[in-house]
Number of protein chains: 2
Amino acid sequence: MRGSRRLHGVIDPREKTLSSEHNDNGRRSTMRDVATMAGVGIATVSRVVNGKPVTPDLAERVKRAAELLGYRQDLTASSLRRADRRTHTLGLVLEDAANPFSAALHRAVEDAAAEHGMLLLAGSTDEDPVRERGLLKTFAARRVDGLIVVPTGQNDTDLDAARRAGTPVVCMDRRTTAPQVDAVTVDNRAGVQAAVKRLHAAGHRRIAFLGDLRTIWTAEERYAGFVKGLAEAGCVLHRSLVRRDLHGVEAAQEATRELLALAHAPTAFISGQNLLTVGARMALQELRLQHRVALIGFDDLPLAGLLEPGISVIAQDHAAIGREAAGLLFDRLDGERGPARHRVLPTRYLARGSGEIPAAEDR
Amino acid sequence: MRGSRRLHGVIDPREKTLSSEHNDNGRRSTMRDVATMAGVGIATVSRVVNGKPVTPDLAERVKRAAELLGYRQDLTASSLRRADRRTHTLGLVLEDAANPFSAALHRAVEDAAAEHGMLLLAGSTDEDPVRERGLLKTFAARRVDGLIVVPTGQNDTDLDAARRAGTPVVCMDRRTTAPQVDAVTVDNRAGVQAAVKRLHAAGHRRIAFLGDLRTIWTAEERYAGFVKGLAEAGCVLHRSLVRRDLHGVEAAQEATRELLALAHAPTAFISGQNLLTVGARMALQELRLQHRVALIGFDDLPLAGLLEPGISVIAQDHAAIGREAAGLLFDRLDGERGPARHRVLPTRYLARGSGEIPAAEDR
DNA sequence: TACGTTCGGCGAAACGTTTCCAGCCCTGCT
DNA sequence: AGCAGGGCTGGAAACGTTTCGCCGAACGTA
């Protein structure tokens, strides 16, 4: 009986007529089909597919049959049964995949994941906790092996719930109040603080601050750095020069216009996010003040160096952030069980001109 | 027997002691656990989870049990058994997730996918056909419902193979030689052609062209538009002013420097890709020629409008490209069986200054 | 009251894979 | 020559879910 199915190394074209991809029923070929055609047991096919040791003769037969049938392993079925139950998939929760900052993080994580044979499932929250929650839910339902999240900051219990359910979680770019979750951030405070000192040293006394939504952890940190920097420089914090909860280019542009229209207008701006920097610069250029009013942005911008003057920024190493986050996650996947770890990466100030404008005598 | 398991609407806390997420074995809770706790059949749990009609009393018991156990449906097992075998996952093959252009496409596709309850699995090829092939393979193994691909152009048989295997494929931004594959592109030729005519009308006679790798379909198309534009304007095509197979900022910068050093240097540049535009502009600024030599780039850049002069570009609507591509794919998923369709979207010229510089009398 | 019909719940089969286990053959040793 | 042991192989169970087929209860009608 088994002998009649065996092909002894020769593939019998009558056994399966299809040239490729589909078997007779229009279904995809399965391991069973391959096993039948090769005249071996289904377990043997599994072994060949997974590179486990098998008699060369059989392995050859299986490979030829698989080739002829256009067999493709079904990883969903595989990970369902596999002992480790790994899906080799990571969930990535970003603020907005279209933002160059998020995109850079995405790519860095992707590269690290690829080294481990993992693929990325990605989604954007737009700072909406409802969307974030939705993403975390479907990621969990798809049984991702781990999560890398730029948290909105309004869903921290969900993050911790995921971790407790057995899915390692790493926060990227921001921290979370969930106490046991790993995180990679940059030293936002120190970065802004140093920038404030620079401006003060250049004579600036009326420094404005543009901040993103206060729900965002980095926005708070950067503002804290601003406050601390002013305090250390012994400089007054003018509440009227602080504009927070700004989101997007237009909001920053409008706020900058308003600040510049004040009787005691600021002589320098610090902007706490890349889109806000763009908005601020647009407003400055409208009024032809880009050479007279200083501007330092947080996070680099693609063409910042080509502008005249160039935009000075507090830069972060996106690739490093993503790489570190992935590293922490893979540690967990390798069994690391210790307490939460926080990696803090340094920022780097890039002097391009706009941050080096001295305070004008008067305006 | 069944009676003893029933809880008649009351959840017995002794039955499962765990507060959440995990059952006693440390495994995740399964439908069977929920069924046992609620005192119903496993099929009933399935119906409740999938929102199919069930007696309110039972449904309530199931929901409470699921809540207590922290039950989360396993979508991998679900799609394995489900009649339609959908994974509700799309595979997205990009050139480079970090490139703002790719990022914008990504986001547009993500939004369209989200409307259909689908998630995105994304990967970057870096124009490497080997990586592309690897991505297509793992996407296939994960049984994505469909593929949206920015093809390298060197793997077209794989694309067609995926389609024949039953996975709808849509090419985005570029076409493929695989005859039966849907595609969304912009009218690259017309865009460049019109730009050439503008430059010619402004008096330019020595127009240089910077092109990306010739394996890339859009690079070829844009060059074709350049050639056609010159021909129609009755202008000579100087081979020495054409530099193709440039990839990345540095290559373009270097090429631009070389062209500007020629005895008969070009008075205008057309650049066929966003990074090349950056490189060209950097070279121009090094030599302080940005006000004297014209430059028109293909594809917009984030800060292009803030530069002095602004960079004129042939812009494409990224969101529309992504949306259209997703639309074509969902048509296929809804059963559309017709021949391949090609959507061609228009480009839009954005005059910002650098493309409006007239040809200098001499230099 | 008896019978036919409908409805909804239940257990079991099935999806495609990996893993367990029993059996086989071959080798090597006594 | 016989037996123990080891390495491969193949059938079957299992993963968590959906779907199928059946059965019992409830209801309406004669």
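Naming convention: chains lettered A, B, ... in sequence-line order (proteins, then strands); numbering from 1 in each chain.
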Asks: Could you state the atom-to-atom distance from CG of A/Asp74 to P of D/dG16 in whole Å?
Replies: 17 Å

Asks: Output yes when at least one side-chain N/O atom of B/Ser46 is less than 4.0 Å from OP1 or OP2 of D/dT18, else no.
Replies: yes

Asks: Kindly point out which of C/dG16, D/dG16, D/dT19 is positioned nearest to the side chain of A/Thr30?
Replies: C/dG16

Asks: Between A/Arg163 and A/Asp182, does at least one N-O distance fall below 4.0 Å, as a salt bridge requires?
Replies: no

Asks: Using a strict cut-off of less than 4.0 Å between a Lys/Arg side-chain nitrogen and an Asp/Glu carboxylate oxygen, indicate whether B/Arg341 and B/Asp331 qualify as a salt bridge.
Replies: yes

Asks: Run through B/Leu121, B/Thr138, B/Leu90 and flag the one making a side-chain contact (heavy atoms from CB on, under 4.5 Å) with B/Val144.
Replies: B/Leu121

Asks: Find the distance between CD (B/Glu95) and CZ (B/Arg174) and round it off to the nearest 0.5 Å.
Replies: 5.5 Å

Asks: Would you mind reading off the distance between A/Gln73 atom CD and C/dC15 atom P, rounded to a whole angstrom?
Replies: 18 Å

Asks: Calculate the interatomic distance between A/Asp84 atom CG and C/dT18 atom P; express it in whole Å.
Replies: 11 Å

Asks: Heavy-atom nearest nucleotide on DNA chain C for A/Ala83 versus B/Ile42: which residue maps closer to 5'?
Replies: B/Ile42

Asks: Ignoring the backbone of B/Thr55, work out which of C/dG9, D/dG10, C/dT17 is nearest its side chain.
Replies: C/dG9

Asks: Quickly work out the B/Asp33 CG to D/dC15 P distance and round it to whole Å.
Replies: 11 Å

Asks: For D/dT19, take OP1 and OP2 only and decide whether either is under 4.0 Å from a side-chain N or O of B/Lys52.
Replies: yes

Asks: Closest approach to the side chain of B/Arg85, judged atom by atom: which nucleotide of C/dC15, C/dT17, D/dC15 is it?
Replies: C/dC15

Asks: In sequence, state the C-alpha distance, the side-chain angles, and the governing distance for B/Gln154 and B/Glu127, and then conclude on side chain to side chain contact (heavy atoms under 4.5 Å, CB included).
Replies: CA-CA 9 Å; B/Gln154 300 164 72; B/Glu127 303 296 348; 5.5 Å; no

Asks: Could you tell me whether the side chain of B/Glu110 and the main chain of A/Ser124 form a donor-acceptor pair under 3.5 Å?
Replies: yes

Asks: Closest to the A/Met31 side chain: D/dT18, C/dT17, D/dT9?
Replies: C/dT17

Asks: Measure from CZ on A/Arg32 to P on C/dT18 and round the result to the nearest Å.
Replies: 13 Å

Asks: Starting at NE2 of B/His88, measure out to OG of B/Ser78 and round the result to the nearest 0.5 Å.
Replies: 7.5 Å

Asks: So which of A/Asn155, A/Asp156, A/Asp158 actually passes side-chain contact (heavy atoms from CB on, under 4.5 Å) with A/Pro129?
Replies: A/Asn155

Asks: With nearest nucleotides of DNA chain C determined for A/Arg47 and B/Val54 from heavy-atom distances, which residue corresponds to the more 5′ nucleotide?
Replies: B/Val54

Asks: CZ/B/Arg143 to OG1/B/Thr167 distance, rounded to the nearest 0.5 angstrom?
Replies: 8.0 Å

Asks: Give the residues of residues 75-82 of chain B touching DNA chain C, defined as any heavy atom closer than 4.0 Å, sorted by residue number.
Replies: B/Leu80, B/Arg81

Asks: Check the side chains of A/Asp74 and A/Thr76 for a donor-acceptor pair under 3.5 angstrom, ignoring hydrogens and angles.
Replies: yes

Asks: Could you give the CZ-to-P distance, from B/Arg143 to C/dC15, as a whole number of Å?
Replies: 14 Å

Asks: Roughly how many Å is it from CG in A/Leu58 to P in D/dC8, rounded to a whole number?
Replies: 11 Å

Asks: Roughly how bent is the helix from C/dT1-D/dA30 to C/dT30-D/dA1 end to end, in steps of 10 degrees, with each end axis from five pairs?
Replies: 50°

Asks: D/dA14 P sits how many Å from B/Arg28 CZ, rounded?
Replies: 22 Å

